[in-house]
Structure formats: structure tokens, C-alpha cells
Chemist: 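Attaching a single structure in C-alpha cells format; questions to follow.
Note that ligands are numbered from 1 as they come in the structure, with each ligand's atoms numbered from 1 the same way. No experiment lies behind these values; they were computed from the predicted model shown. Values below: all heavy atoms of this structure, side chains included; hydrogens, waters and symmetry mates excluded.
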Amino acid sequence: MTTFDIATRTNKLYINGEWQESQSGETIKITSPYLHEVIGEVQAITREEVDKAITFAHEAQKDWAKASIQERATYLYKWAEELVRMQDEIADIIMKEVGKSKKDATNEVLRTADFIRYTIEEAQHMQGESMRGDSFPGGSKSKIAIVDRVPLGVVLAISPFNYPVNLSAAKIAPALMAGNAVIFKPATQGALSGTKMIEALDKAGLPKGLVNLVTGKGSVIGDYIVEHKGINMISFTGGTNTGSHLAKKAAMIPLVLELGGKDPGIVREDADLNLAAKQIISGAFSYSGQRCTAIKRVLVHDNVADKLIGLLKEEIERLPVGSPENGSTVVPLISNKSADFVEELITDAIDKGAKLVTGNIREQNLIYPTLLDHVTGDMKVAWEEPFGPVLPIIRVSSDEEAINLTNESEYGLQASIFTKDINKAFSIASKIEVGSVQINGRTERGPDHFPFIGVKGSGMGVQGIRKSIESMTREKVTILNLSE
Ligand code: NAP
Ligand code: G3P
């Protein structure tokens, strides 16, 4: 059955294995960020339908929890196969819906299939442990603890627009392998791609009720789902404001949050500047900087700043700008609102004395890659996450200054350090408050089995395949009392 109907372009909810229209009778129109036309519609779910989806999920989870790891693996392998088979169709929808180049969109789908396969294999190799009672003073040899992991129940997966397939499957696959059922709420701008991904899961024959697709605006239905008594765990990726709002609502429900960032590229005086420039450009401007892990500011030593800026300017002016259909690196932003925000940051910085090196051209929601020099702490762009193609340069005169500026940020996702002195790199790495430090490379999430951590305003908990599975289970201890 097809859900992306070209004639009506209306997508359906997927509840208990059935594609269905919402009783609300309302749909939400999805407009392409670069075609500027409606490319589809998704259902605006009602509260009653959310209740039903959660009830079905609990029903389905009971048998799924009993299913062997091998049985779970069979369905997920089929899902990965379907995604590979449907790669072109799905990539086309990602491109149209979130304005990502076809090549990047295809990579996203293939990366997702790899992610699912690795998740299966990781789950197959995860073991519990046993503990002897007599290891503790006064403990008895007759006591043996068996520590196993059990599923949490129903996981709520909420994903953002920028990786509508990958970051959704990165929640659904570990949840399923761990024995949970899922309520999947995609970003509204991303729901067409998310629906297509669920269509692949449906084709894989996953037992009904295990994954339920609920679409609707987060601002309308989000709080209701998050506060629902039937939800046992929440895995959320999105903005810091949404994440902290959600954390308050979730109260005592286990929660993993992957939020925003303001990743610095720290460039020391001794850095290989050609390498640093290449990595910074790709880190800052790919997909117009709409990545949580984008390099969002450069903290460069004053003695090499002019040279680095010259190299960055040259590279930036060569970046392909325009439609994702032409494979451009810098593409229209997800919405006009996002473009307004980025423009405001640029204007604020220039008004306060920043020097425009290149860029600051806007055509509708397309912002040309923009480089700002002499950015200072009183400018918003020094601290705020633009989620757009603007890179502020902050000149520093010491490692300490770079460390302080990094730590003054409300965010703590990743940081890059460019230097030829490995001891200095480790020394700086040990002093900065971020989840991961990249030495001589751009900030990025992958490979996806590495732990992925945001601290401070960048998140809570750890992702990365093994860690994600762990976060969707809890330990359970059974103690054997042997008779002598
Ligand atoms: P967003 O606006 O925060 O939305 C994220 C998700 O939350 C969407 O599904 C949204 O639904 C939903 N939502 C909104 N209000 C809600 C509520 N009250 N209750 C429950 N759900 C609600 O983020 P975005 O613009 O899609 O994504 C960009 C942000 O995500 C950036 O800040 C970026 O750094 C961050 N991000 C972080 C990571 C990471 O791994 N750390 C990865 C990717 C992105 P609607 O779309 O219907 O509003
Ligand atoms: O913003 C999404 C995050 O998952 C980034 O992934 O691979 O672009 O660093 P990546």
C-alpha cells in the first residue's frame, strides 16, 4: 500500500499496523523549503488517537518482550533491506521536504540501514553479568546475582527535521531490539520522510502495534503525548528550548535529550591552517550549517587569524550555493523564520562592529555563506546557535582564552582543536566542558557507534548504538540463594 499518494499527496497515521486518516478531519500541509510549494500533507492526530496508539503499543510489547533477539533481528534486517531498496524514493522525499542534496539524502538512507544492522549486531552481543556474594565483606558464596537488561515498555521517539530518517531510526531500532514498542512523533517538516521510512518497516512485516506513527504539530499535541501515563521512556532530539520544556513535563520518565550546540573550532598558532580551513568549511557549511554538530564559531589565535581567514574566504566563495537539486552545499534554510533569525544575527554583529568578510546575501530563505571577523562577546552570534550558514571568527591570544570562551557557552556538544602539539590538544580537551573533542578534524556525530554526548544545554544522557540500547532498558537483578 502506498502512503505517499501523488494524486492527493495525503499521508496517513500508522496505528496498530493500519494506515488511517485522523478523525480530526484535519491535515497539515508540508511546503518544500526550495520548491516553495506544498508537496504533501500529514494527519493532525487527536488525543483519542494518541491514547489508542499507546494502548496498542502496550499490547504488542508484551509478546515482543518475549520474542528472542534472533526473531527481533529478522524483522529489523528486513527493514534495513527495504530502506536500501527504497533509497531513491526516500532520498527524493528527504530532498524535497528538508532541502538536502540528493547525494546527502541518499547517504542518510544508507547510513540508516547501516545503523539498523549494527544495532541488531550490537544487541546480539550484549550480555548481562553475574556477581558473587562473597566479593563483599561478610557476603556469602551461596548468593549469586544475575544482572540482566529488560525493556522499559513504550518508548516515545521525537525527532527533528534535519535528519528526518536517520535520527528517527536511531531511536526506533535500539528501542525495538531492546524489546520495547514505539510511539514515533516525527518533526512536522520531516513527517513525509518519516512516513516513508515507516512504510519500509511495514513492508518488513513488523508485528502490528509495535511502531505507531503519530503526526501533528508538537505545539498542539506534544505536551499531551509527553505527559501521557502510557509512555515509559522518551528519546528526544531537537532544540534546547523544546528539550528543556519537555524535560519539565516528563517528570520522572527516563529521558535522553540530544539538543542544540555551539561547537567551537579552536585553531592554535601551530595548526596546519590548510587542514583546519578545509575541516572548518565542511564542518560549518555543509547542509547550510543545519547540523547540531556544525562548527558554529572559530576561536583562532590572533597571530594566524589573517591567514586562516584568507583561506576560509577562498573556500567559502567556491561553495556551491542554490538548489539541493543541483547538489549545492549551501541550500535554502528550512523556513523563512529560520532565515530571518540568521539574518538578525548577522545584522546585530555588523551593527556592533564585526567585519563582514564575505556573504550576507539573502534570496528568500537562501542565505549565502557568511563569514564574520572580529566578533566579540557582546554580539549574539558569538553565543547563539544560528542553524544556518554564518560563521563568526573570534580572535584569541591564548589557549586559556579559547578554553574560557568555550566554557562560557550555555552549550557543550563537541569542539574541534587544530594543533600539531598533541600534548596541548589533550590538555585543552581535558579543560573544556563538551561531550566530545575532535583533534584535527571537524565536529561530527559519526561513526554512529561512538558514544554521542551533549552536556549543559546540549543534552542529557548518552547516545551511540550500544548506549542507546542501554538507555532503553533497565537492569534487573535476580538473586540465586544456593543451599550448601
Ligand atoms: P525543534 O523545533 O525543537 O523540534 C524537534 C521536535 O520536537 C519536533 O518533532 C517537534 O515537532 C517536537 N516538538 C515541538 N514542541 C514539542 C512539545 N511541546 N512536545 C513534544 N514535542 C515537541 O527542533 P528542530 O528545529 O526540528 O531541529 C533543530 C534543532 O535540533 C537544533 O537546535 C539542533 O541543534 C537540534 N539537533 C540536535 C541534535 C543532537 O544530536 N544533539 C541532532 C539534530 C538536531 P514539530 O515539528 O511538530 O514542531
Ligand atoms: O544534527 C544532527 C547530528 O546527528 C549531526 O550528524 O553526522 O552531520 O555530524 P552529523
Chemist: Under 3.5 Å, N or O to N or O, is T188 touching ligand 1 that way?
Modeler: yes

Chemist: Could you see which bit of T237 sits under 4.0 Å from ligand 2, with heavy atoms only: side chain, backbone, both or neither?
Modeler: neither

Chemist: Is there a donor-acceptor pair closer than 3.5 Å between any side-chain N or O of S323 and the backbone N or O of E325?
Modeler: yes

Chemist: Which part of F452 is near ligand 1, with near meaning a heavy atom under 4.0 Å away: side chain, backbone, both or neither?
Modeler: side chain

Chemist: With a 4.5 Å cut-off on side-chain heavy atoms, are S286 and R442 touching?
Modeler: yes

Chemist: Could a heavy atom of S338 be found less than 4.0 Å from some atom of ligand 1?
Modeler: no

Chemist: Going by the atom numbers of ligand 1, which of them fall below 4.0 Å from some non-hydrogen atom of P160?
Modeler: 26 (O), 27 (O), 43 (C), 44 (C)

Chemist: Would L413 count as being in polar contact with ligand 1, using the rule that some N or O on each side must be under 3.5 angstrom apart?
Modeler: no

Chemist: Determine yes or no for a side-chain-to-main-chain donor-acceptor pair under 3.5 angstrom, with K456 supplying the side chain and S409 the backbone.
Modeler: yes

Chemist: Check each heavy atom of R111 against ligand 2 and say whether those closer than 4.0 Å belong to the side chain, the backbone, both or neither.
Modeler: side chain

Chemist: Would you mind listing which atoms of ligand 1 come within a distance below 4.0 Å of any non-hydrogen atom of A187?
Modeler: 8 (C), 9 (O), 46 (O)

Chemist: Could you say whether the N/O atoms of S159 and ligand 1 ever approach to under 3.5 Å?
Modeler: yes

Chemist: Counting from 1, what ligand 1 atoms have a heavy atom of P186 closer than 4.0 Å?
Modeler: 9 (O)

Chemist: Answer yes or no for F236: is there a heavy-atom contact with ligand 1 below 4.0 Å?
Modeler: yes

Chemist: Checking contacts now, so for atom 4 (O) of ligand 1, which I'm interested in, is there any protein heavy atom under 4.0 Å?
Modeler: no

Chemist: Please work out, at 4.0 Å between heavy atoms, whether the side chain, the backbone, both, or neither of Q463 comes within that distance of ligand 1.
Modeler: neither

Chemist: What about G238: any of its N or O atoms under 3.5 Å from an N or O on ligand 1?
Modeler: yes

Chemist: Testing the 3.5 Å rule here: is there a donor-acceptor pair between the side chains of Y118 and D448?
Modeler: no

Chemist: One residue to check: L246. Relative to ligand 1, which of side chain, backbone, both or neither has a non-hydrogen atom less than 4.0 Å away?
Modeler: side chain

Chemist: Considering the heavy atoms of K185, write down every atom of ligand 1 situated less than 4.0 Å from one of them.
Modeler: 9 (O), 11 (O), 45 (P), 47 (O)

Chemist: Give the contacting part of I334 toward ligand 1: side chain, backbone, both or neither, where contact means a heavy-atom distance below 4.0 Å.
Modeler: neither

Chemist: Does any N or O atom in E385 lie less than 3.5 angstrom from one in ligand 1, N or O only?
Modeler: yes

Chemist: Hey, is ligand 1 close enough to T242 that some N/O pair sits below 3.5 Å?
Modeler: yes

Chemist: Using a strict 4.0 Å cut-off to heavy atoms of G216, name the atoms of ligand 1 that fall inside it.
Modeler: 47 (O)

Chemist: Taking distance alone, with no angle check, do R445 and ligand 1 share an N/O pair under 3.5 Å?
Modeler: yes

Chemist: Would a 4.5 Å heavy-atom cut-off, applied to side chains only, mark R47 and I221 as touching?
Modeler: yes

Chemist: Is N162 touching ligand 2 with its side chain, its backbone, both, or neither, if touching means heavy atoms under 4.0 Å apart?
Modeler: side chain

Chemist: What I want to know is whether F161 and ligand 1 share at least one N or O pair that is separated by under 3.5 angstrom.
Modeler: yes

Chemist: Show which atoms of ligand 1 fall inside a sub-4.0 Å distance from at least one heavy-atom site of H245.
Modeler: 18 (N)

Chemist: Below a 4.0 angstrom heavy-atom separation, can you tell me which part of Y163, side chain or backbone, both or neither, approaches ligand 2?
Modeler: side chain

Chemist: Below 4.0 angstrom from a heavy atom of L167, which ligand 1 atoms are there? Numbered from 1 as shown, please.
Modeler: 42 (C), 43 (C)

Chemist: When you check the side-chain N and O atoms of S328 and N326, is any donor under 3.5 Å from an acceptor?
Modeler: no

Chemist: What about K217: any of its N or O atoms under 3.5 Å from an N or O on ligand 1?
Modeler: no

Chemist: Regarding ligand 1, does Q189 bring an N or O atom to under 3.5 Å of one of the ligand's N or O atoms?
Modeler: no

